[in-house]
Number of protein chains: 2
Amino acid sequence: METAEPDLSAELLALDNQLCFAVYSANHAITRMYKPLLDRLGVTYPQYLVLLVLWERDSVRVGEIGERLMLETNTLTPLLKRLETLGLVDRQRSPQDERRVIVSLTDKGRNLRGEAARLPERVFAASGCSVPEVQELRGALVALRDRLRARSGE
Amino acid sequence: METAEPDLSAELLALDNQLCFAVYSANHAITRMYKPLLDRLGVTYPQYLVLLVLWERDSVRVGEIGERLMLETNTLTPLLKRLETLGLVDRQRSPQDERRVIVSLTDKGRNLRGEAARLPERVFAASGCSVPEVQELRGALVALRDRLRARSGE
DNA sequence: ATGATATATATCGTGCACGATATAATCGTT
DNA sequence: AACGATTATATCGTGCACGATATATATCAT
């Protein structure tokens, strides 16, 4: 016999034992929960994330949005153009540094914040979690993410 | 004054306080960690998930793969065709019920399992988590996901 | 047997995500 | 001043994800 643990290998590869699939499927479930709520605002979930960044601090570079959301410009550029088409943001080159494109909220984009403010609460209610549970889960995920990111860069 | 808690609203919408973004960004980090490992097997992460299903039980309907991965056929059909083009699976109509398409592993697809068996361990090592931590995190995510799915259907 | 309904998969269009590459502006060194 | 390297954004091609719709088979009521 070459190997004495056929079960260990099967256990390791079982879908329901995989943390990665738990994260993957939870992400889809959350996105689907947000979908009908965001439809009413007329934006997609990644677009909503960009708005969260801008509602915190307006008029930032494309690259800075990318750093916060951990996305590349090849994702953000077309997304930001759609937000511009929707009339929610403006994009203009920085006069100081013509390489930079500054993204800023329009009045319409700023006003959307009021409607969006209700969303996290509604998703929280659907989650069935307590506040400490959510915080612990979030903390564990962020810690995991940051460790993986540190290892990926090596 | 209409509202006395401008800070509460800001807190709720802060990117770094959002569980949804923690899940979203952790998912990306995990996918990026898998990417170079899966490149060597010649498959993408969602394709790998399909293979996990088939390695557990071979020759299943498209719809059953969809149920396990929580994906629709509009995602799976083209993905399965790519796996077929890669020579990893076969797709054939069920003789009993001509509506069904049965997906089964080729020898090549079966053989890939040996190489894939090392992956979870390597990602686990990069996670920096202990086994109980991973299990708790996975359990919390699955519970959250299933509650959200139950609420979404309402 | 026949038509209505349900089931299983496929197709189409849009948007996200990313590797690879391109383009243009800036900076540093000489 | 000039040139190479770096920085910031954009473009292109591929694959995933999903809503809407289509198609074909199966089932059920009559």
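Labels below follow one simple rule: chain letters A, B, ... track the order of the sequence lines, proteins then strands, and each chain is numbered from 1.
Taking the side chain to side chain donor-acceptor pair (under 3.5 Å) definition, one finds that A:Glu115 meets it with nothing, sequence neighbours left out. With sequence neighbours left out, A:Glu84 forms a side chain to side chain donor-acceptor pair (under 3.5 Å) with A:Arg91. With sequence neighbours excluded, the residues that form a side chain to side chain donor-acceptor pair (under 3.5 Å) with B:Ser94 are B:Gln96. Shown here are the side-chain contact (heavy atoms from CB on, under 4.5 Å) partners of A:Asp90, two or more places apart in sequence or in another chain: A:Ser104, A:Thr106. With sequence neighbours left out, B:Val62 forms a side-chain contact (heavy atoms from CB on, under 4.5 Å) with B:Thr73, B:Leu76, B:Leu80, B:Val101, B:Val103. Partners of B:Arg110 under the side-chain contact (heavy atoms from CB on, under 4.5 Å) rule, at least two apart in sequence or in another chain, are B:Asp58, B:Leu105, B:Asp107. Among residues two or more places apart in sequence or in another chain, the side-chain contact (heavy atoms from CB on, under 4.5 Å) test is passed with A:Glu56 by A:Arg68, B:Ala14, B:Leu15.
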Checklist entry - Along nucleotides 1-6 of chain D, 5' to 3', which nucleotides get a B, which get an S, and which get a -, given that the test is a protein heavy-atom distance under 4.0 Å? => result ------
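In the region residues 24-36 of chain B, proximity to DNA chain C at under 4.0 angstrom, judged on heavy atoms, holds for B:Tyr24, B:His28, B:Arg32. Applying a 4.0 Å cut-off to non-hydrogen atoms, the residues of residues 41-63 of chain B that approach DNA chain D are B:Thr44, B:Pro46, B:Gln47, listed by residue number.
A donor-acceptor pair is defined here as one N or O able to donate and one able to accept, closer than 3.5 Å; such a pair exists between the side chain of B:Trp55 and the backbone of B:Gly109.
Regarding A:Glu84, its CD atom lies at a distance of 14 Å from the C1' atom of D:dA10, rounded to whole Å. The CZ atom of B:Arg93 sits 8 Å away from the C1' atom of C:dA8 (whole-angstrom rounding).
Checked by distance alone, A:Thr73 brings no side-chain donor or acceptor within 3.5 Å of a matching partner on the base of D:dA8.
Between B:Thr75 and D:dA17 there is no side-chain polar atom (N or O) within less than 4.0 angstrom of OP1 or OP2. Distances shown here put a side-chain N or O of B:Arg91 below 4.0 Å from the OP1 or OP2 atom of C:dA10. For D:dT11, the OP1/OP2 oxygens have a side-chain nitrogen or oxygen of A:Lys81 closer than 4.0 Å.
Within the structure, the ring-ring contact (aromatic ring centres under 6.0 Å, His included) test picks out no pair touching residues 99-142 of chain A (sequence neighbours left out).
A:Leu76 comes within contact range of no nucleotide atom at all, as no heavy-atom separation falls under 4.0 Å.
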Less than 3.5 Å apart, which donor and acceptor atoms pair up between the side chains of residues 135-142 of chain B and the rest of the protein, not counting sequence neighbours?
from: B:Arg138; atom 1: NE; to: A:Asn17; atom 2: O; distance (Å): 3.3
from: B:Arg138; atom 1: NH1; to: A:Asp16; atom 2: O; distance (Å): 3.2

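Position along DNA chain C of the nearest nucleotide to A:Asn74 versus A:Glu98 favours A:Asn74 as the more 5'-ward residue.
Below 30°, between 30° and 60°, or above 60°: for B:Tyr45 and A:Tyr24 the angle between ring planes is above 60°, a perpendicular geometry.
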